[in-house]
Amino acid sequence: MTAAAALAGLLHQGGRPTWQLPELTGLNRLPPRATVRRGPARTVDLDGVWDFRLVPRPEDAPAALARRTGWHRVEVPGLWTMQGFGRPHYTNVQMPFATRPPCVPEQNETGIYRRRFELPRGWRRRPVVLHFGGCEGALYVVVNGEPVGIGKDARTPAEFDIGEVVRHDGPNELLAVVVRWSDASFVEDQDQWWHAGLPRSIALYSPSVGDVEARAELDPDLRDGTLRVSAGVEGEVRLLDARGRVVLAGPLEDGRFEGRLRRPAQWSAERPSLYAVEVTAGGETVACDVGFRRVEVRDGLLLVNGRAVLINGVNRHEDDDVRGRAITRASMERDAVLMKRLNLNAVRTSHYPNDPYWLELCDRLGLYVVDEANIESHAYEHELCRDGRYLAAWLDRVRNMVERDKNHPSVILWSLGNESGYGPNHDAAAGWIRGRDPSRPLHYESAVRSPSHADSSRWGEGRRVTDVVCPMYPPVEAIEAWAEADSDDRPLIMCEYSHAMGNSNGGLAEYFAAFRRHPRLQGGFVWEWADHGIRQTDRAGRAYWAYGGDFGDRPNDRNFCADGLLWPDRTPHPAVEELKHLGQPVSVEAIGGGRFRVHNRHELLDLAHLRIAWTLEADGVEVARGVLPVLRTAAGASEEVAPALPAGGGERFVTFRSTLRRATPWAEAGHLVAWDQLPAGGRPRRTALRRAVRPRREDGALVLETHGTRAVVDDRLASLTFGGREVLASGPAVQVWRAPTDNDGLSLMPERGRGFGFGPLARWLALGLHELVREVERVSVRGDAVEVVTRASGRARPADVRHVQRLRLSGDGSLHVENEVRLGEGMVDLPRVGVVMELVPGLGELEWLGPGPHEAYSDRRASTVVARHRSTVDDEYVPYVFPQEHGHHPDARWLRLTGPGGGLEVRGQPTIGFSAGRFTADDLTRALHTVDLRPRPTTVLSLDAAQRGLGTASCGPDTHDRHKLLDRVYRFAYVLRAP
Ligand code: GAL
Ligand code: MG
């Protein structure tokens with residue numbers, strides 16, 4: 001047979017195109033089997049450079065095979081959409097095309113991959129298995145001109161026995177043809193970039209041992225364990241402990257082995273003790289890791305080894321800004337290590353089974369995994385789960401996952417997929433898993449999905465398919481009310497919450513407080529781990545991250561794919577500090593009288609592995625420090641400590657920092673695990689006004705002057721000099737606008753395209769806050785003060801702000817500025833109230849006393865400490881993929897901006913929020929990508945009396961009312977002086 005005929009035969013069966021035939025989930029695929037390690041003599045790696053060509057439609061592929069020209073060379077694993085062919089396409093819910101399932105567009109690019117291979121000597125008369133770790137698109141395989149088979153689940157292996165068609169005495173030709181769109185696309189409608197190609201490793205292996213099932217079970221009393229192995233062959237089993245000692249061994253009888261182990265080391269995320277199972281048969285030894293542990297839902301709790309665990313998790317997609325979903329081992333290692341360093345203990349493999357190496361890392365480093373089947377029919381959410389033609393796909397996909405991943409101790413819950421409604425296909429899939437693997441509970445969000453995230457009316461449902469109540473994005477009030485109602489016998493673990501899009505994750509502390517109050521609120525998974533931007537360079541060669549629409553991909557959902565805790569290159573957003581702090585395994589509380597209580601929140605470990613040091617600072621200056629004695633406080637217990645804090649004045653804080661005494665597999669000794677800062681006396685103070693200087697008139701302006709300080713007011717504070725050096729490029733003007741954050745409803749901006757319909761931004765735009773015109777009403781002298789009254793109104797819109805500034809110069813040269821801002825009708829819940837000024841170029845060094853060091857907002861500041869922080873104006877820029885408000889620091893006692901050109905000190909009365917950067921709110925509002933921003937030479941200094949919290953309204957609850965600006969009058973004051 002020719003390859004063309006073989007391929008044509010696979011593409012059409014009984015006259016029907018097989019890529020539009022959902023009943024057909026694959027052809028000739030071997031049954032799925034567990035991931036095991038095999039020796040090099042039994043494997044041939046097929047990764048590397050392959051021939052490649054792209055044709056517009058599947059029907060064009062057979063004829064293209066014979067053509068000599070038009071072939072390229074590409075890396076495998078790799079995605080052609082990231083290698084210069086076709087393009088990535090981003091959609092969230094909607095499909096990228098309009099045809100209805102199971103039909104896909106006629107124009108359907110199809111990639112042809114080709115390479116040759118030779119078989120090692122000694123593989124004659126032995127099985128030869130061809131393994132594809134995954135495939136983006138429907139996979140068609142032809143070897144030596146013979147049809148081999150079809151695979152459709154993009155994210156589990158497709159394996160074929162090619163023993164009958166290979167040659168042992170010469171080269172073999174392998175063709176892997178990938179059809180981009182198929183019936184399977186409708187159940188792979190996850191919120192991410194659509195790509196195409198071969199993202200995972202490809203190999204040949206010649207097994208004597210096929211599937212291995214290795215169960216390391218703990219007895220109900222959690223003492224002794226049983227290892228059960230079934231391998232379907234006659235041979236030997238050995239169990240080795242972490243030091244490589246054989247602790248159990250014996251023959252496989254009828255393909256099975258069972259052995260008891262006394263007091264095995266138990267596996268948990270905190271102490272991931274592993275054993276290795278080796279199975280030897282037919283001259284081959286294969287191995288996999290196992291861990292003795294017990295997972296169950298009992299008494300309304302998810303228990304691991306009998307203990308209720310608090311899930312501090314994240315949702316992680318497989319994504320790389322250069323390689324797309326063809327991720328490397330190094331990137332997986334970096335992710336896993338970073339998760340551990342951030343006090344995370346769990347990951348949901350949203351929304352499909354991950355590269356098997358990821359689970360190996362989770363086993364080894366200790367991360368609980370919710371393993372999710374590759375099923376999401378979001379665009380046809382309530383249809384396909386009831387469509388009998390897709391029943392086979394549901395079963396195939398859960399089975400592929402369970403069989404591949406069944407031996408991993410890290411997997412504690414099986415998830416039936418994401419956002420696919422709830423129908424009989426789910427019942428079938430759940431029934432199959434329950435029969436196949438009763439050792440793990442099930443997870444499926446859509447079975448408890450109510451009409452809105454805030455509504456809990458259906459949380460009591462879905463028992464057939466979910467053993468945990470796992471809603472997404474519920475407000476904290478809803479989960480607390482659920483816990484108090486005590487109406488369910490399942491625990492609640494949010495499968496997604498705290499949507500991390502842009503400057504986000506407001507309100508996280510409230511969720512953690514709820515978890516700590518109610519044992520059955522067992523945590524959740526933040527959405528999501530990393531932004532999915534694609535690295536591009538502009539014409540000037542500057543790198544930036546592209547999002548939906550940047551490739552001409554239509555329809556698209558713009559930057560909704562940039563919603564992670566980390567930038568695409570895995571640099572953490574500031575919000576990560578908050579999550580790390582809230583999930584910390586030790587915390588210190590003040591109990592009065594100079595005494596403190598240290599809480600050990602570990603699952604197992606005592607505190608002896610931590611060095612807990614403290615410092616006492618007064619007005620940001622250290623006055624004492626010490627180290628607590630080694631604490632052997634048991635997990636779950638607490639202990640009182642009383643470090644010797646000397647008495648003294650000033651505003652005082654004691655800060656406890658816990659660091660690792662010894663290195664772990666994921667961090668060096670000295671790594672900061674936990675911190676808490678507690679007030680220890682005093683308060684922020686006001687700066688007193690001494691002998692105010694009388695204003696005088698000079699050339700039509702009002703002048704305030706004393707020893708080296710001179711302030712000139714014409715229609716505003718126009719000039720401020722210290723020792724003859726000007727500090728202002730433009731004086732303070734009222735500011736009620738901030739560059740909208742994603743949570744404010746950024747995508748509603750008319751010039752930024754279609755909106756998602758959430759957030760307060762629509763109202764701000766209707767008021768005209770983004771285009772205020774300021775007019776001076778009056779500049780006058782009142783006693784020793786110069787009073788400037790301005791009015792800011794919306795250009796053709798009703799916004800109306802009256803701002804009174806009273807400036808007084810103190811005899812010591814400091815300029816005291818009192819402000820009153822009155823807001824007009826309907827002007828409640830604004831982004832901010834304060835002033836903005838620009839400082840002359842050159843004042844690029846920043847120091848402040850206040851919460852920091854990272855940016856913080858009223859609803860995201862638990863992780864900050866009050867201290868003297870240093871930064872630069874350039875470093876204050878937080879380059880969110882979609883430019884937006886950033887860099888705010890609430891409650892500064894003072895801040896200094898200095899440089900060779902002099903400097904300025906601002907003192908709060910007693911505190912003031914601020915940000916200092918190179919961009920105005922307007923600059924940030926207009927930019928669509930980071931490279932659209934041109935840094936100003938000046939310093940844009942915003943002083944905020946109040947700024948709205950962040951919330952998470954881009955996909956979840958908005959900020960709480962107490963973090964909204966609901967007053968109509970704001971009074972605030974600050975002092976400007978030479979540093
Ligand atoms: C959820 C969904 C995720 C993602 C997220 C928003 O509804 O499960 O896949 O779309 O919202 O970023
Ligand atoms: Mg979705």
Side-chain angles (χ1 to χ4, degrees), residues 89-96 155 185-194 313-319 325 347-354 370 372-385 415-422 443-455 466 470-475 493-505 524-533 547-548 555-566 568 573 575 741-743 745-747 755-759 880-882 951-958:
H89 189 144
Y90 171 60
T91 63
N92 171 13
V93 178
Q94 59 186 327
M95 291 296 289
R155 296 180 220 293
S185 308
F186 296 98
V187 287
E188 295 180 353
D189 182 23
Q190 292 98 353
D191 177 8
Q192 59 180 343
W193 292 98
W194 297 92
V314 286
N315 282 279
R316 174 178 170 276
H317 265 293
E318 292 186 316
D319 191 67
R325 267 185 299 279
V347 59
R348 172 171 175 238
T349 67
S350 54
H351 298 302
Y352 37 80
N354 287 179
V370 175
E372 191 147 278
N374 182 26
I375 304 173
E376 175 162 343
S377 64
H378 208 163
Y380 297 90
E381 202 173 357
H382 304 293
E383 290 175 42
L384 299 189
C385 57
S415 167
L416 300 185
N418 188 56
E419 300 190 317
S420 303
Y422 175 34
H443 169 285
Y444 184 55
E445 180 269 339
S446 304
V448 296
R449 169 84 66 106
S450 309
S452 81
H453 294 324
D455 167 358
T466 189
C470 45
M472 47 172 75
Y473 309 106
I493 299 169
M494 292 176 286
C495 74
E496 297 177 26
Y497 79 113
S498 198
H499 196 247
M501 187 176 186
N503 191 357
S504 186
N505 306 99
F525 298 84
V526 167
W527 185 270
E528 69 175 306
W529 178 236
D531 290 339
H532 307 207
Y547 46 76
N556 66 71
D557 290 295
R558 300 179 67 84
N559 66 320
F560 208 59
C561 56
D563 56 358
L565 290 161
L566 316 176
H573 286 181
T741 66
D742 286 301
N743 295 315
L746 185 53
S747 306
F756 293 99
F758 54 78
Y880 291 112
V881 168
F882 205 150
T952 60
S954 54
C955 188
D958 194 358

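Heavy atoms only: backbone and side chains are in, while hydrogens, waters and symmetry mates are out. Both counts, for ligands and for their atoms, begin at 1 and track the order of listing. This chain uses plain numbering: 1 for the first residue, then up along the sequence.
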At what distance is the nearest protein heavy atom to [atom], and which residue and atom is it?
atom	result
atom 6 (C) of ligand 1	H499 NE2, 3.3 Å
atom 5 (C) of ligand 1	Y473 OH, 3.3 Å
atom 7 (O) of ligand 1	E419 OE2, 2.4 Å
atom 4 (C) of ligand 1	D191 OD2, 3.2 Å
atom 9 (O) of ligand 1	H351 NE2, 2.6 Å
atom 8 (O) of ligand 1	E496 OE2, 2.6 Å

Has the side chain of [X] got a donor or acceptor atom that lies under 3.5 Å from a matching backbone atom of [Y]?
X	Y	result
T349	E372	yes
H573	G564	yes
D557	T91	no

Regarding [X] and [Y], do their side chains bring together a donor and an acceptor under 3.5 Å, going by distance alone?
X	Y	answer
E445	N418	no
S504	N743	yes
H499	D563	yes
H317	Y352	yes

The N/O/S atom of E376 lying closest to the Mg ion (ligand 2) is OE2
Here the N/O/S atom of H378 closest to the Mg ion (ligand 2) would be ND1
Please state which part of [X] comes within less than 4.0 Å of ligand 1, counting heavy atoms only: side chain, backbone, both or neither.
X	value
N418	side chain
M501	neither
E528	neither

| E419 backbone or side-chain N/O/S under 2.8 Å from the Mg ion (ligand 2) | yes
So, do D319 and E528 sit near enough that their side-chain heavy atoms are less than 4.5 Å apart? no
**OP:** Report yes or no: is the cationic atom of R348 (NZ for Lys, CZ for Arg) closer than 6.0 Å to the six-membered ring centre of F525, at no more than 45° off its axis?
**Re:** no
Note: ligand 1 atoms sitting under 4.0 Å from heavy atoms of N92 are 10 (O)
